[in-house]
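The structure appears below as structure tokens.
Lettering follows sequence order; numbering is per chain, from 1.
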Amino acid sequence: MSATRLNEETEDGELVAAFRSGDASTSEKAFEWLVRRHQKAMLNLAYRVVGDYEEACEVVQDAFVAAYKGLASFRGEARFSTWLTTITLNQARNGLVRIKARRRHEAFSLDETRTDGEGEPRTDRHDPPSQAPSALDQLQDAVVRQKIEACLQELPQDFREVLVLRDLQEHSYEEIGALLQVREGTVKSRLFRAREGIKDCLKRNLGALVP
Amino acid sequence: MSDCREFRERMSASLDHPLDAEEQKGLEAHLAGCSSCRTEWEELQWTHRQLKGLEPVEAPSWMTSKIMARVRAESAPRLSIWQRFLLPLARNPQLQVASLLLLAVTGYYLIRTPKMAAEFQQKPELKKEGGASPSPTAPPIESARSGRGGQRGNFAAEPAQVQRGPLPAQQKDQEQSKEAAADKGEFAPPPTSKPLSRDMAAPTPAAPALSGSVGAAAGALAESTSRNEAQESPAKKAQKAAPAMEYKAKADSAVRAQSETSPSQTPSLVIRLVGADLATAKAEVERAVDRAGGSLLPPQEQKGPRTVGARLDSRRLKALVDLLGQTGRVVEQPEDPGDPPVQMTVFIRW
């Protein structure tokens, strides 16, 4: 398949095939379409997992570079998006390690006070460009959103990954099990505990959730 | 409560997929009778809605291009270190010239430095008697030693300088002017090559050994004081002279041994002796030469009133120095000329 015939309508499988069989320019074009198509989903996954927009951008770049290197050996046993999600999750874990290291370093700074984990959730993370209208009547929603994001970060990583993959990325139990290399029963169990955890966190931070 | 936990898990599952009819019916029946679980269910649904309602973040506009740039960089053929170093060189003639210059300069220093070091470290060979005379233009080889000796005869640890072979004319002039200055009771100029530190005080003189702490200049001062010998006792003379002589010794850092060319062009050596008693030095030095097996030079070859010239087998040099150590302090122990033994001319100055 030539580069000119590739477009946004081309299926992932065809793009992968074009990448593997085409010349250099076709490969590059095919990969670029894959990037365009999946970067937003991967960025959202990374952002919800690492909780930092800039770090999430780094994670996504690293994930696509890793995918580019490994695409030649991708055998198509899973969907490309699932395979890419696995890579992004792994890179996100690396990103979390970097963030933790950075926070440990910053903890020595006398200029700012932070409370992580037990105390008030961090609210100084880098936020993405806001898409919401800046109206005062949206203030409450914004506070809730902020608290949800903060509570999401308070969850243990295993629980957070399952919750993000299910409730935000809408993967099935089976897919999540395959992505995380765990059984479906474990997925259900983690999902239940993650939902309980975030609900309790929101109750602590917002009071009664329902009138 | 265990029932409640089971129903709460069922609540969570119902958010993901519809429960079968029996499960759904059982859950509804439980919720109707359990206000706690009802509240939990409402809160869970609200949390789930909020979570699902989180706005997706947008990718920055540069994301695609940055990813592709990194991908292109990854796919570019990797050059080895040599290729990366040599490729710009092959394309740029100016760089080639600069590299050649750099190589030439580096090579020059690499070749030159060890040679020079070897030259400095090489032991100067004494000329065999009757052998070829050293080149008059050859620079004197200096060997300087640092250290300090406070005892008479401790010549091994005294900073000094030994020069072998013919003295350059300029250096001879310097020596002569220094001696002249010493004779006038003036400060002798310090050596240019290795000045001694000011705190290098000579041993405190003990009467009547006036010259127990001095160099050539101090000796000159001692001579001037000896003119008033009749009026003053030797002890008094020492007391008066000692501070001045000590200062002289500090100022006069020209304490060193030098070699000179003897008239017969045999290897020659100058041994500088300090602290010798001026009145008896000549006799003691001559006796030392004799005991060391040397023979005094004829009077016409002698070089002054405070110098004794002698011929000596180079193997007896060490013995001579040891004997001289009983007379004064040898500023620097001359190096052993080594094998083969030669007849050498030695000038002992004090």
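- The shortest non-hydrogen separation linking S27(A) to A18(A) is OG-O, 4.1 Å.
- Residues T82(A) and E175(A) bring no donor and acceptor atom of their side chains to less than 3.5 Å of each other.
- For M68(B), the part lying under 4.5 angstrom from a heavy atom of chain A is the side chain only.
- Only the side chain of L206(A) comes within contact range of chain B, with heavy atoms under 4.5 Å apart.
- Interface remark: E40(B) contributes backbone and side-chain atoms alike to the contact with chain A (heavy atom separation under 4.5 Å).
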Assess whether side chain to side chain contact (heavy atoms under 4.5 Å, CB included) is satisfied between Q169(A) and L179(A), documenting all intermediate values. CA-CA 12 Å; Q169(A) 301 276 307; L179(A) 284 168; over 6 Å; no
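- Interface residues of residues 14-26 of chain B toward chain A, defined by a heavy-atom distance below 4.5 Å and sorted by number: L15(B), D16(B), H17(B).
- Residue R193(A) places its CZ atom among 12 or fewer non-hydrogen atoms of other residues, nucleotides or ligands, all under 6.0 Å distant.
- Nearest heavy-atom pair across I176(A) and V187(A) is CG2-CG1, 3.8 Å.
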For the pair L152(A) and L155(A), evaluate side chain to side chain contact (heavy atoms under 4.5 Å, CB included) and give the outcome as yes or no after the intermediate values. CA-CA 5 Å; L152(A) 197 56; L155(A) 290 176; 4.1 Å; yes
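- Looking at K188(A), neither its backbone nor its side chain comes within 4.5 Å of chain B, counting heavy atoms on both sides.
- Considering only heavy-atom pairs separated by less than 4.5 Å from chain B, the leading option among I148(A), D167(A), V35(A), V65(A) is D167(A).
- With 2.5 angstrom as the limit on SG-SG distance, C201(A) and C151(A) come in below it.
- Ring geometry, F31(A) versus Y68(A): the interplanar angle exceeds 60°, so the pair is classed perpendicular (tilted spans 30 to 60°).
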